[in-house]
Amino acid sequence: MWAAIFSFIQDSLRQAASTCRGGWRVLVTRGPSQFQFWLIALAIGVAAGFAALGFRKGIVWLQSTLYGTDNVNRLHSFAESLPWYWVLLIPTFGGLIVGLILHHFTRDARVRAVADVIEGAAVNDGRVEIREGLASACASLITLSSGGSSGREGPVVHLAGVISSWVSNRIKADGITGRDLLGCAVAAAVSASFNAPIAGALFALEVVLRHFAVHAFAPIVIASVAGTVISRLEFGDVTEFVLPAEGALEFYQELPAFLMLGGVCGFVAVALMWTIFWAEDMANHIQDHSGMPRWLRPAISGALLGGVAIFFPHIIGVGYETTSAALTGELILHEAIIFAILKVVAVSITMAGRMGGGVFSPALMVGALTGLAFGLIATSVFPEVSGSETLYALAGMGAVAAAVLGAPISTTLIVFELTGDWQTGLAVMVAVSISTALSSRLVDGSFFLSQLERRNVHVAAGPQAYLLSMFRVANVMRSVKDESGIDEDACWDMIRDGVYVDGNATLEAAMPIFDKSGVPFIPVVTLGGEDEPPELWGAVYHMDALKAYNRALAATAAEEHS
């Protein structure tokens, strides 16, 4: 028996020594490059943090300059005292400047934001458009400063993506490294914007990269902490909103009410998204049929916003003053309902006018107002088992924002870090879970994924849906110039029968043809003019397309589980 024990101990020691030697070899061969990558992640985090800080301070400076107030946190209260024509002209002029910027510096006069960052992570090796991104940041800065009713997180996230894309291009980063650096930049930007380091890291993983791979976690956390440090050096360790000290949750008796609140917030979030999309479609229809120049579209939206702001200045800008009023219970029932409806209208006008900005801050405001209205009703109907109505405002704020972003984990943490209130987590989590479960059935996962789906970028369905769009047929086909044994006569017969695919198309267009026709290959052509015959490039074989697709799926799975 002692001999068996001694032999077992010897085998264990040998195995441990072998493991240590293998670990040392990995540390020697890969450690320096890994350390270098973390240094790059840290540098990107610092740069993105300063970008977010500069964007925020730029809004403050420009708002105070345009509206003439020293306290932009109470901008709408100050705007009530301004002449009506000034409230109308500022967003109109701002919209005109935005239109001119987008007209001259983007190919489609559209502002880039979070959806474009998600697309870049999914299908463009972690890169976003740099020229268009810088123009979008300038446009969004002017929009938020001149009265546009949107948020600052979308422009900041894309601006951070511009920084990481520039670095990725300079170091010639591959897809995995580019996506990791993009996640680092986004995490730092979100952390610096909201003083929320935990939520910033999880937002990058949950929303942008859409996986929680271990290899991405450490550098993203490093960058997120760097962004938070930059923010706290300027603003200190303070929360964005200050909640009243009262308001305990009567846990067991009151939880059903928060379940109901989650359902209500889910419908409100869907209504917010659908209204934005409907307004955008209507604006596109008007522009297409009226011949309106595209640079004029933001100015018209600015004029509409100014007209609403004359009577309801609460819609101006990010809306943190109204959100704080909701969280502290300073509004009555009809004010909460009216302000929530008006904010939805104002955000839709801003987005439909392509003025720029994000949807997270508006979702926070609409959610806080919805929660407050629900809480005022619930506490008046069941006062003996109810806590404070401000707790409902906090839960509603998280529930609507989580449903809009499609990010229940990071949004819940952002709400906690924005308020500093970790004692009411159960109520917020219950409302968030119900709202996201409901809204995800009515839209394509989130506002951002729905935006991409409307552009025929199928990220919401997962890699199996969008990977085909990453392969051009010309890169997979067998060329007629190669000795690949292509039957050109058979190709021309198929072309005459209408079975072919354009050489500039992707496998997303080719695979349905394979499924419908059942042929082993499809001719690849370039179509000429009306009187010109097509040019035969070669043929794409079904087996080659499936092999390329399977390799891409395997690479994606390996990245997400590494």
Side-chain angles (χ1 to χ4, degrees), residues 196 199 202 206 239-273 323-333 336-337 339-340 343-344 360 362-443 446:
L202 289 178
E206 184 180 21
T239 58
E240 194 73 49
F241 304 110
V242 179
L243 300 181
E246 66 207 296
L249 171 65
E250 302 288 342
F251 279 100
Y252 301 110
Q253 297 133 325
E254 210 169 352
L255 277 179
F258 287 96
L259 289 171
M260 294 175 59
L261 174 61
V264 172
C265 289
F267 282 114
V268 169
V270 171
L272 171 61
M273 291 183 275
T323 305
S324 296
L327 292 175
T328 53
E330 298 176 12
L331 304 175
I332 57 179
L333 179 60
I337 295 174
F339 290 167
K343 187 64 175 179
V344 171
F360 182 60
L364 290 177
M365 178 175 168
V366 172
L369 293 168
T370 301
L372 178 63
F374 185 95
L376 289 170
I377 296 173
T379 55
S380 63
V381 175
F382 302 103
E384 66 278 0
V385 294
S386 298
S388 170
E389 64 275 3
T390 57
L391 178 56
Y392 289 89
L394 175 64
M397 181 172 73
V400 172
V404 171
L405 270 65
I409 300 174
S410 52
T411 305
T412 301
L413 289 172
I414 285 178
V415 170
F416 291 151
E417 292 185 284
L418 282 175
T419 60
D421 188 349
W422 296 82
Q423 304 304 316
T424 56
L426 186 60
V428 177
M429 290 175 66
V430 166
V432 164
S433 63
I434 298 299
S435 68
T436 51
L438 176 62
S439 64
S440 62
R441 300 298 185 272
L442 300 175
V443 297
S446 70

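The closest side-chain heavy-atom distance from S446 to M273 is not below 4.5 Å. Two residues are said to be in side-chain contact when any heavy atoms from C-beta on lie closer than 4.5 Å; F360 and V404 fail this criterion. When side chains are defined from C-beta on, T411 does not count as touching V432, because their heavy atoms never get closer than 4.5 Å.
Closest of all the heavy-atom pairs between S435 and A403 is O-CB, 4.0 Å. Considering every non-hydrogen atom in both P408 and A402, the closest pair reads CA-CB, 4.0 Å. Closest approach of G375 to T379, counting heavy atoms only: O-OG1, 2.6 Å. Closest non-hydrogen pair, E206 versus G406, comes out as OE2-O, 4.5 Å.
Remark: T323 OG1 to L331 CG distance equals 9.5 Å, nearest 0.5 Å. In this structure, the separation between CE on M365 and CG on L327 is 11.5 Å, given to the nearest 0.5 Å. Considering CD1 of I332 and CG of L372, their distance stands at 10.5 Å, rounded to 0.5 Å. A distance of 10.5 Å separates CG of L364 from CG of L394, quoted to the nearest 0.5 Å. Interatomic distance, T328 OG1 to E389 CD, rounded to the nearest 0.5 Å: 10.0 Å. Summarising the geometry, atom CG belonging to L405 is positioned 11.5 Å from atom OG1 belonging to T436; distances are rounded to the nearest 0.5 Å.
Applying the side-chain hydrogen bond (donor to acceptor under 3.5 Å, both in side chains) test to S439 and every residue at least two apart in sequence or in another chain returns nothing.
Between F374 and Y392, the ring planes lie tilted relative to each other; the angle falls in the 30° to 60° range.
For the side chain to side chain contact (heavy atoms under 4.5 Å, CB included) criterion with F267, the lone passing option out of L438, L272, T370, V400 is L438.
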